[in-house]
Asks: 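Quick one: the structure is below, questions incoming.
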There are 2 protein chains.
Amino acid sequence: MAGMSIGQAAERSGCTVATVRHYEDEGLLKGIGRAPNGRRVYGWPDIHRLRFVRRCRDLGFSINDVRSLLGATDASSPDCLAVRDMAVAHIDRLRVMRAEIDALERSLSSLAKTCNEACATGRSPVCTIVEDLGATASG
Amino acid sequence: MAGMSIGQAAERSGCTVATVRHYEDEGLLKGIGRAPNGRRVYGWPDIHRLRFVRRCRDLGFSINDVRSLLGATDASSPDCLAVRDMAVAHIDRLRVMRAEIDALERSLSSLAKTCNEACATGRSPVCTIVEDLGATASG
DNA sequence: GTGCATCCTCAGGTAACATGAGGATCAAGC
DNA sequence: GCTTGATCCTCATGTTACCTGAGGATGCAC
């Protein structure tokens, strides 16, 4: 169980094969061994590291963020507080994103509603959505 | 006021100059005139079209979406209902995105909280965030 | 006429991979 | 021993929506 192929590593870490190679290219994986036939060989520590990267990516961190996180965790004494600070900073980013999404949804709902009232009844010769979108830039 | 430079067009439409050129390259603008000196010349219809594209992009539609929207609106009788359907479909996408963001925020908050309790007090020799992230893939 | 702003057309960069070409290797079945 | 299909390798290019910069022409103000 100590020597896994890239296919197995991908499956166990929740990545695609291409993504595993990509993370190695990006320097997020260190010291991946090679079998005599040239194929990559993975051990469990590599799988854990891949999962870590994958999960961070799923959480919305960039590759560079992950690099920093790994730097903090690779250090002799993992800088937990730095990691926490990055998490907190990212939460702030998420809140901004959610606010934007909420605003967009309101805009689109309003647009669709207007259309239902004015267009679907055949009352308007020109789709009001089109006018709404093109007339004035919001804000 | 009928012949605007690309700089003026950009300013009035809320795009950058590079973006205005890009939209033209993408075929979203049609029949942009040229002055004898080779510079692009824009009229108000172009500005409205640029605003339309810009606003759609702000609303999260892809360039291809916008192409479809413009196709619907360019038709002799704008297909308002098609436009509305795209808006509604996009609202669904936004709802999925928001659900994901909410989940991420919960995960990160939980992570940060755990860290505050276990790491910041110096109780844990290894940052629990690191373990949390790497141990098991969520789900 | 000097200088700075604006414009032009390429070409290449960005993020995070996905996809495909062209070829080697492995494992299974006959 | 041999065929076949799956997996692996590297390298190159595609994706999305632009941004940035090179190298050069033009416009406008003083």
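In what follows, chains carry the letters A, B, and so on, assigned in the order in which the sequence lines appear, proteins first and then strands, with residues in each chain numbered from 1.
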Asks: Could you pick out which residue, Ala18(B) or Gln8(A), lies toward the 5' side of DNA chain D when each is mapped onto its nearest nucleotide?
Replies: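 The residue whose closest nucleotide sits nearer the 5' end is Gln8(A).
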
Asks: Just do the side chain to side chain contact (heavy atoms under 4.5 Å, CB included) check on Leu70(A) and Arg67(A) with the steps written out, would you?
Replies: CA-CA 5 Å; Leu70(A) 285 173; Arg67(A) 224 188 300 277; 5.9 Å; no

Asks: Any salt bridge between Arg54(A) and Asp58(A), counting N to O under 4.0 Å?
Replies: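 Yes, charged N to carboxylate O under 4.0 Å.
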
Asks: Using whole Å, report how far CG of Asp25(A) lies from P of dA15(C).
Replies: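 One finds 15 Å between P of dA15(C) and CG of Asp25(A), rounded.
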
Asks: May I have the distance from Met4(A) (atom CE) to dT7(D) (atom P), rounded to whole angstrom?
Replies: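 Rounded to whole Å, this separation is 17 Å.
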
Asks: Rounded to whole Å, please give me the gap between CG in Asn64(A) and C1' in dC17(C).
Replies: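 Those two atoms, CG and C1', are 15 Å apart.
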
Asks: Taking the minimum atom-to-atom distance to the side chain of Tyr23(A), which one of dA17(D), dC17(C), dC8(D) wins?
Replies: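 Looking only at side-chain atoms, Tyr23(A) lies closest to dC17(C).
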
Asks: Could you state the atom-to-atom distance from CD of Glu24(B) to P of dC18(D) in whole Å?
Replies: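 Those two atoms, CD and P, are 15 Å apart.
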
Asks: Applying a 4.0 Å non-hydrogen cut-off, can you work out what Arg54(B) is touching in the nucleic acid: base, sugar-phosphate, or nothing?
Replies: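 If one applies the 4.0 Å heavy-atom cut-off, Arg54(B) turns out to touch the sugar-phosphate alone, with no base involved.
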
Asks: Specify the separation, in whole Å, of atom CZ of Phe61(B) and atom P of dA17(D).
Replies: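 After rounding, the gap between these two atoms is 13 Å.
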
Asks: Looking only at side-chain N and O atoms, does Arg67(A) come under 4.0 Å of OP1 or OP2 in dA16(C)?
Replies: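 False: Arg67(A) side-chain N/O out of range (4.0 Å or more) of dA16(C) OP1/OP2.
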
Asks: If you compare all heavy atoms of Val66(B) against all heavy atoms of Cys56(B), which two are closest, and at what distance to 0.1 Å?
Replies: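 The pair with the smallest heavy-atom distance is CG2-CB, 3.7 Å.
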
Asks: Compare the minimum distances between each of dT9(C), dA17(D), dA16(C) and the side chain of Ile63(A), then state the nucleotide with the smallest one.
Replies: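 The closest nucleotide is dA16(C).
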
Asks: So does Arg93(B) pair up with Asp65(B), basic N to acidic O under 4.0 Å?
Replies: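 A salt bridge links Arg93(B) with Asp65(B).
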
Asks: Can you tell which of dA17(D), dT9(C), dA18(C) lies closest to the side chain of Arg40(B)?
Replies: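 Of the options given, the side chain of Arg40(B) lies nearest dT9(C).
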
Asks: Which nucleotide in the list dC8(D), dC7(C), dA17(D) gets nearest to the side chain of Ile6(A)?
Replies: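 So the nucleotide nearest the side chain must be dC8(D).
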
Asks: Should Thr16(A) be listed as having a side-chain N or O under 4.0 Å from OP1 or OP2 of dA18(C)?
Replies: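 Yes, because at least one side-chain N or O of Thr16(A) sits under 4.0 Å from OP1 or OP2 of dA18(C).
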
Asks: Could you tell me the separation between the CG atom of Leu29(B) and the C1' atom of dC18(D), rounded to a whole number of Å?
Replies: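 In whole Å, dC18(D) C1' lies 15 Å from Leu29(B) CG.
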
Asks: Just how far, in rounded Å, is P of dC17(C) from CD of Glu26(A)?
Replies: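 So the CD-P distance, Glu26(A) to dC17(C), works out to 9 Å.
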
Asks: Closest nucleotide of DNA chain C for Thr19(A) versus for Arg21(B): which of these residues is on the 5' side?
Replies: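 The answer here is Arg21(B).
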
Asks: Quick check for you: among dC9(D), dA17(D), dA25(D), whose closest atom lies nearest to any side-chain atom of Arg39(B)?
Replies: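 Of the options given, the side chain of Arg39(B) lies nearest dA25(D).
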
Asks: Apply side chain to side chain contact (heavy atoms under 4.5 Å, CB included) to the pair Arg39(A) and Ile6(A), showing each step before the final yes or no.
Replies: CA-CA 8 Å; Arg39(A) 298 191 173 190; Ile6(A) 194 171; over 6 Å; no

Asks: Find the distance Leu28(B):CG to dA17(D):C1' and express it as a whole number of Å.
Replies: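 After rounding, the gap between these two atoms is 11 Å.
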
Asks: Among dC26(C), dT10(D), dT26(D), find the nucleotide with the atom closest to the side chain of Asn37(A).
Replies: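 Per side-chain heavy atoms of Asn37(A), the pick is dC26(C).
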
